[in-house]
Each structure stands twice: as structure tokens, then as C-alpha cells.
Amino acid sequence: MPEQPFVFLPLSYAARPPRIVVVVPHDDERWVRWTAAGLARLSRVWGCNGSVVVPSSAVGHPAVDRCLARLHPDHVVAYGPSWTTFDALYPGTIDRLLAEKNISDNSIAAQFKEMLRKEPWNGTVVHEAEAAADSLRSRLGANRRDDHVQCSHLFDYDNARELTALAAVATTPVMGVPATLVTTPEALAYAMHVGIEASDASGDIPAEQWREAALRGAESALLSQLHPDEADRAHAARSHEAALCVPITRAFQHREHIAVLGNRPEDFALAETLRQIRGTVTWIPWTEAGLSDMWLFPGSASERLLVTSASLSLEETQQRINTRWDRRPVRSVDPDEEKRSFDVVEPDNIELAHPFMVVLKNAWDQPRSLPATGESDGSLQASLSLAAEVPRGLNPNEHRWQVTLTAANHPVPPLVVLDSSTVTATGQCPWETFVRAADGGITYWSHRYDFVPSGASLAGSLASPKLAWPGIKRILQVAAAADDITILPSPAGRRAAITERLLGSRAALEALAASPGWLLLHRFTSDAPNTGCPEGS
């Protein structure tokens, strides 16, 4: 066998917060409050602007799962509420528990309450959310290696070793909708854009004002109204500015705005997830047409509104949006001459290609070069471990981030089957960090996950794995083996394999195909067109 070629692989480096799917408990009567509690907890995590909250009842819905698969999260976690949160959702629970235990002494009761409020509450709905998160985690191939899960829960209290608090990264104060005000679908539809903060603030916001704010999204002035003293110097918790991040995509941004109708948990989950993929998405859980609808329809004739729903049929969705269009308060021309500026579509017909990736704004698209060895099947194996590196603005002792590396001439499809063993080099310790294919390249957890001694150096605490970029043959083999499928080459594939063996490597075959020698090879092939497909291909 000829010696394997040695190459320098040009890479693009990006540091980013982890993408998280938080599965929250579901209760038919209080599902909005449970979802708001999970969103309030996520709003305190760095990366909440690129992450989603999904009620457990919506996990498994085809439209929601399709979007979650395209989002390709780094972590799928179950929200674990504390007794404080549970008592806020079901007032008087702790007092009833004290009465059941016959604790009448005031000092003992106060100590018991203080201790209990910081403990996790584990009820049936929490166990259901944990089961839904575990099932979703397995299907998406997130934060799991073998039977071990890197991060399985998001509790009410921070765990600095797992996920970084937003306040630890933000350079300005962050604000959101006070949790006590998010009790209706309209309030949740607006809070979805800006985030929720743990606040006992009270107030009476009319339903129409919530609706206008939800339709205008982050452009609404409602958050400034709720925080008049902080509006000029603070950012919304789910804004990219608060997280020191920017959203990037590898394609032109879609011009269509998306509206999701329906007041069910799956409708919220669909809108919440589509926001991270398409950008401009509005959830409309109310049915009444009103003055706020003036913000719904696009003002430019070249823009279109895509209207969909996870709970409503196509006919019901069409009827509801037609009613809004016919009753909208602002019209530019005679109603008979107006062309409807919207299209009603099934969720499965919404394009999900090229989702946004939220990255640290001063640590992305950075050039890197890594020495690698070319394998005979076209795969590349890194010859050296990556150097440990801390992006500007982050602290390795306080912050946890994802590293994403992409190679323009060697893309890696974000398939669930391309797990750590496929994208790490031979001999690499599988437990150093969690590695997988994502975002067209390879991503891994910033810190070492295996044994880290106390007082370790920077190089000893940060992950520096040796990675592998699988070739197309390796990718097909892994994907086929996962489904117990046998791959048989076509006649053209057989000829390519023979030529590859003669030349010594697939890289040599690719070089030949891009050279004048390719024309010489065609002198020896038949001129007769091959219009049919081989049997069984």
C-alpha cells in the first residue's frame, strides 16, 4: 500500500453557547404556567437565545420533532422545578404539607420551609417530562455516549459545572417579563421573544396589549414599560446582544414571516423551535381578530406570510387567517382589489434548510489549520490534538461553551449516527469530551469530561481532542450499519473502486478527476448513452 498523504486541513473555528432543548412538565389546566416556569429558568442560562422550551406533551408530535431534529441540539434536558416553583403554581402546597406533618412551632416551620423551598419537587408530571426528554435525547443523539448522559436536568438552581449562567457572561443587566404576569397564552406568546425573569412584580396588562406585543415581538415597547428604570441600559434576556452573540446562517435569510395558529402546547413548541431555524416567527394562540392584527400582515408586496398550525387542520387554519385578513383594521386599497399576502401551509412544507447558528460574536469564522492524514476511503484523521483555547470574553473557570470546526472542502452532515466514535481519530480517548457532527462540521464540549485533577492547568482542564472527518464512503457505511442495510456499489461505483485501488487512494482519484488525465480516461469508455439504472440500484 502506498504511504497515506499528509495534508493541512483548513478549518473555520467558532465558539458558541450550547443549544438546549428543555422539556417541561405538562398539566392540562396549568400548561401555560409550567411552560413559563421552564422558560423563566432557561432565560437565566447563557444560550437561551438559541435554545427552546418544549412541553412534554408536544414531544413526539411529527411537526415538532421534525423541527427539533433540524435544530440538532447539544443538550436535551428535563426541567426540574423546586418546591418554590411548585408552590407558586399550586399556592398553599407547602402550608398544607406543614399541617399534615403537624408542625406548629413557628421557628421550626420557618426552618422547614426554607429547607424545602430549595429542594427539587418530583411529581408525576416531572417524571413524565424526564421520560419524554430521555426519549427525545436518544432520537436526536444529543449529550449521550453509550448509556451515560452528560447533562440530563435543568434545575431551578445553577450548576456551574454544566451550564453557564447568562448573568456570568452578560456585560449589561438583563430583563424579561415578570414570571407572575405570564399566566395566559397571550403573555407567553410575547415572553417567548424576550424571556421571563423570576420577579414578583404585579400589574394589569390588557389582553390586547399582550397581543400587540406578541405580534411585534422584540420590537414591542412593552418590556420598556415593564422596566422603565432599566430600559436604556439593559437587554432582553433572549436577545443576542445580552448573550454577546450573533446569529449566522449559510444561506440568504428567508423573506417569509411565519405565523403559527392554535392554543395547544404543540403550537407553542412548533413556533418556539421554528424561531431558532427561520428567525421571524409569531405564535398566535388567540382567535379573536382585533386592532393588533395591523402588525401581522407584511407591508411589502414582495413579502409573504406563511401560516401554519400543529393542532389545527389546514381548513381550520385557512378559515382563521381569512377572518383576520377580512377584519383587519388597516387597508391600503379597495378590498376587492387586494391580493392576500399570505399562504396557508402544512408544517411539513416549511423549509428548514440552513438554520441559524448562534455564536459568540468575537469568536467565529476564525481560520485554523490542522495537520491531517488522508485515509484510503477519503477520510481525514488529525495528526495532532487541537490546542486548548479560550475565546476572548470567556473565563475557563466560570464558563462552558461549545467549539465548532467546519472544513469548507470536507463537510460533515449533521446525522445522528455520526457519533463520537465516527468523528474522533484513532486512539483518541472517547471520554475526554462529548464530540459529534453538527452545523456542517464537528462540535465538542469545551472542557474535559474525564479525570481532571484539582488545580489542573488550562491545557489540563480544557478539551483538546484529535478529530476525524469521515469521507463519503465512511458516512454511508455508518449510516447503513445503523439501519442494518447492506451497501452494494453500482457499476460506476465498481469502476471507481477499481481505479481507486490502482491509484492508491480516493484522494488520488479525486485529483485525477480534476486533471487533464480524466479526458484521457474517457477515450477508453463507450460513447453509447447509458439511460437505464442497474437492476436493484
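Values below: every heavy atom of this structure, side chains too, minus hydrogens, waters and symmetry copies. Remember, predicted model here, so these are calculated numbers, not experimental data. Numbering of residues begins at 1 and proceeds along the displayed sequence.
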**Asked** Quick one: ring-ring contact (aromatic ring centres under 6.0 Å, His included) partners of H148, sequence neighbours excluded?
**Response**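 Partners of H148 under the ring-ring contact (aromatic ring centres under 6.0 Å, His included) test: W431, Y449.
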Determine which pairs satisfy ring pair (Phe, Tyr, Trp, His ring centres under 6.0 Å) with at least one residue from [range], sequence neighbours left out, and list them in order.
| range | value |
| --- | --- |
| residues 255-276 | F268-W283 |
| residues 348-394 | none |
| residues 55-78 | H75-W445 |

Excluding sequence neighbours, so at least two apart, what forms salt bridge (charged side-chain N to carboxylate O under 4.0 Å, His left out) with [X]?
| X | answer |
| --- | --- |
| R139 | D65 |
| R278 | E256 |
| K466 | none |
| D134 | R137, R144 |

Looking at [X] and [Y], would you say the former's side chain and the latter's main chain have a donor-acceptor pair under 3.5 Å?
| X | Y | answer |
| --- | --- | --- |
| S51 | I20 | yes |
| E316 | S313 | yes |
| S446 | W401 | yes |
| H410 | P470 | yes |

**Request:** Using the salt bridge (charged side-chain N to carboxylate O under 4.0 Å, His left out) rule, collect all pairs that involve residues 431-440, keeping only residues at least two apart or in two chains.
**Result:**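 For residues 431-440: R16-D439, R19-D439, D74-R436, E432-R448.
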**Request:** Please list all pairs passing the salt bridge (charged side-chain N to carboxylate O under 4.0 Å, His left out) test where one or both residues lie in residues 49-64, with sequence neighbours left out.
**Result:**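 Qualifying pairs: none.
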**Request:** Would you kindly say whether T404 and T443 are connected by a side-chain donor-acceptor distance under 3.5 Å?
**Result:**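 Checked: T404/T443 side chains pair up, N/O donor to acceptor below 3.5 Å.
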Solution key, residues 411-427 side-chain donor-acceptor pairs under 3.5 Å, sequence neighbours excluded:
residue : atom : partner : partner atom : Å
D419    : OD1  : S421    : N            : 3.4
D419    : OD1  : S421    : OG           : 2.8
D419    : OD1  : T422    : OG1          : 3.2
S420    : OG   : R145    : NH1          : 3.3
T424    : OG1  : S420    : O            : 2.7
T426    : OG1  : Q381    : OE1          : 3.4
T426    : OG1  : Q381    : NE2          : 3.2

**Prompt:** If you look only at pairs with a residue in residues 260-277, which of them pass as a side-chain hydrogen bond (donor to acceptor under 3.5 Å, both in side chains), with sequence neighbours excluded?
**Reply:**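 Output for this query lists R238-E272, D267-S309, D267-S311.
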